[in-house]
Asker: 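Would you mind keeping the following structure in view while I ask a few things?
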Amino acid sequence: MSPIIQNEVIQTCSDIVTEKVFDRISNAECFSLLGDETMDVSGTEQLSLCIRYVDIPDLQAPVLREDFVGFIPINDQSSENLANVILQRCDELNLDMTKCVGQGYDGVANRAGHLS
């Protein structure tokens, strides 16, 4: 298979998994955003974004889930830019931000304060 076909297959699988995850998140009563900055092997700074929520499958016990929703390349690590990047991604994913009840940042907690 050519690299183009491989990438199309990978993207299709990603779209299917993402759709299933966001169906569960949209049915949850609330969720929290989790962010962490990291640099990939090419030296590109990126933000990894996860969402934590409680999934209640039909007639089953509730399950606490934490799902990875993607890496987002970032050029500017300022608090304002990170907030804009996160909010833009949430908008792209059609998340209802009125259900967002928490935030968590590994190593960048100073950016979650009232000044940032």
Side-chain angles (χ1 to χ4, degrees):
M1 291 174 52
S2 74
I4 293 172
I5 298 298
Q6 290 175 8
N7 288 338
E8 287 179 7
V9 170
I10 291 169
Q11 186 60 52
T12 300
C13 292
S14 171
D15 293 344
I16 292 168
V17 170
T18 300
E19 183 179 331
K20 299 256 186 228
V21 167
F22 284 100
D23 283 345
R24 288 195 312 241
I25 293 171
S26 66
N27 290 328
E29 291 186 27
C30 58
F31 63 88
S32 294
L33 296 171
L34 306 171
D36 190 12
E37 295 172 76
T38 188
M39 190 175 296
D40 68 10
V41 294
S42 70
T44 303
E45 190 71 30
Q46 54 192 358
L47 176 74
S48 65
L49 190 62
C50 296
I51 299 179
R52 182 180 287 168
Y53 60 99
V54 176
D55 182 28
I56 305 175
D58 294 332
L59 304 172
Q60 296 180 14
V63 177
L64 179 62
R65 295 195 183 272
E66 189 173 298
D67 290 326
F68 171 76
V69 294
F71 287 116
I72 307 165
I74 52 175
N75 299 322
D76 176 7
Q77 296 181 26
S78 69
S79 302
E80 182 177 357
N81 183 62
L82 289 174
N84 289 335
V85 166
I86 291 169
L87 290 172
Q88 180 181 358
R89 183 68 177 143
C90 290
D91 188 46
E92 291 168 1
L93 298 170
N94 294 319
L95 291 176
D96 181 0
M97 294 306 289
T98 62
K99 293 182 176 184
C100 183
V101 297
Q103 306 173 54
Y105 305 98
D106 186 18
V108 290
N110 61 320
R111 297 187 178 148
H114 72 282
L115 298 176
S116 300

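We're numbering straight along the sequence, starting at 1. The basis for the numbers below is simple: all heavy atoms, side chains too, and nothing from hydrogens, waters or symmetry mates.
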Asker: Looking at Arg52, is its backbone amide N or carbonyl O close enough to the side chain of Ser32 to form a donor-acceptor pair, meaning the two atoms are under 3.5 Å apart?
Answerer: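 No; judged by distance alone, with no hydrogens or angles, the pair does not exist.
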Asker: Is there a side-chain contact between Lys20 and Asp23 in this structure, where contact means two heavy atoms from C-beta onward sitting under 4.5 Å apart?
Answerer: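 The answer is no, as the side chains (C-beta and beyond) never meet within the 4.5 Å cut-off.
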Asker: Can you tell if the side chain of Glu45 reaches within under 4.5 Å of the side chain of Asn75, non-hydrogen atoms only?
Answerer: no
Asker: Verify the neighbour count for atom CD of Glu92: are there more than 12 heavy atoms of other residues, nucleotides or ligands below 6.0 Å?
Answerer: yes
Asker: Are Phe71 and Ile74 connected in a single hydrophobic cluster, I mean Ile/Leu/Val/Met/Phe/Trp/Tyr linked by side-chain heavy atoms less than 4.5 Å apart?
Answerer: no
Asker: Taking all heavy atoms of Asp67 and all of Arg24, pick out the closest pair and write down the distance.
Answerer: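 In this case the closest contact between Asp67 and Arg24 is OD2-NH2, 3.2 Å.
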Asker: Can you tell me how far the CE atom of Met97 sits from the CZ atom of Phe31, to the nearest 0.5 Å?
Answerer: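 One gets 5.0 Å once the value is rounded to the nearest 0.5 Å.
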Asker: For the atom pair CG (Asp55) and CG (Leu64), what is the distance rounded to the nearest 0.5 Å?
Answerer: 10.0 Å
Asker: Honestly curious: do Val63 and Val17 fall in one hydrophobic cluster under the side-chain, below-4.5 Å linking rule?
Answerer: no
Asker: So Leu93 and Ile25, do their side chains get closer than 4.5 Å, heavy atoms only?
Answerer: no
Asker: Do you know which two heavy atoms are closest between Ile51 and Val69, and how far apart they sit?
Answerer: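 Heavy atoms of Ile51 and Val69 come nearest at CD1-CG1, 4.0 Å.
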Asker: Between Asp91 and Leu87 (side chain of the first, backbone of the second, donor and acceptor by atom type, cut-off under 3.5 Å), is there such a pair?
Answerer: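 No, Asp91 side chain to Leu87 backbone: no donor-acceptor pair under 3.5 Å.
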Asker: Of all heavy-atom pairs between Thr44 and Pro73, which one has the smallest distance, and what is that distance?
Answerer: CG2-CB, 4.5 Å
Asker: Only one of Ile72, Leu33, Asn81 passes side chain to side chain contact (heavy atoms under 4.5 Å, CB included) with Ile86; say which it is.
Answerer: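 Only one option passes, and that is Leu33.
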Asker: Quick one: NZ on Lys99 to OG on Ser26, what's the gap to the nearest 0.5 Å?
Answerer: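 Between Lys99 NZ and Ser26 OG, I get 6.5 Å after rounding to 0.5 Å.
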Asker: Going from SG on Cys30 to CG on Asp96, what distance comes out if it is rounded to the nearest 0.5 angstrom?
Answerer: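 Nearest 0.5 Å value for the SG-CG distance: 11.5 Å.
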Asker: Taking a hydrophobic cluster as the set of Ile, Leu, Val, Met, Phe, Trp and Tyr residues connected by side-chain heavy atoms closer than 4.5 Å, whether directly or through intermediates, do Val85 and Leu49 fall within one such cluster?
Answerer: yes
Asker: Checking side-chain polar atoms at under 3.5 Å, does Asp15 have a donor or acceptor matched by the opposite partner on Gln11?
Answerer: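 Yes, side-chain donor-acceptor contact under 3.5 Å.
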Asker: Got a second to check how far Tyr105's OH is from Asp36's CG, nearest 0.5 Å?
Answerer: 11.5 Å
Asker: Determine the minimum heavy-atom distance between Phe68 and Cys50, stating which atoms define it.
Answerer: CA-SG, 3.8 Å
Asker: Could you measure the distance from the CG atom of Asn7 to the OG1 atom of Thr12? Nearest 0.5 Å is fine.
Answerer: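 If we round to the nearest 0.5 Å, Asn7:CG and Thr12:OG1 are 10.5 Å apart.
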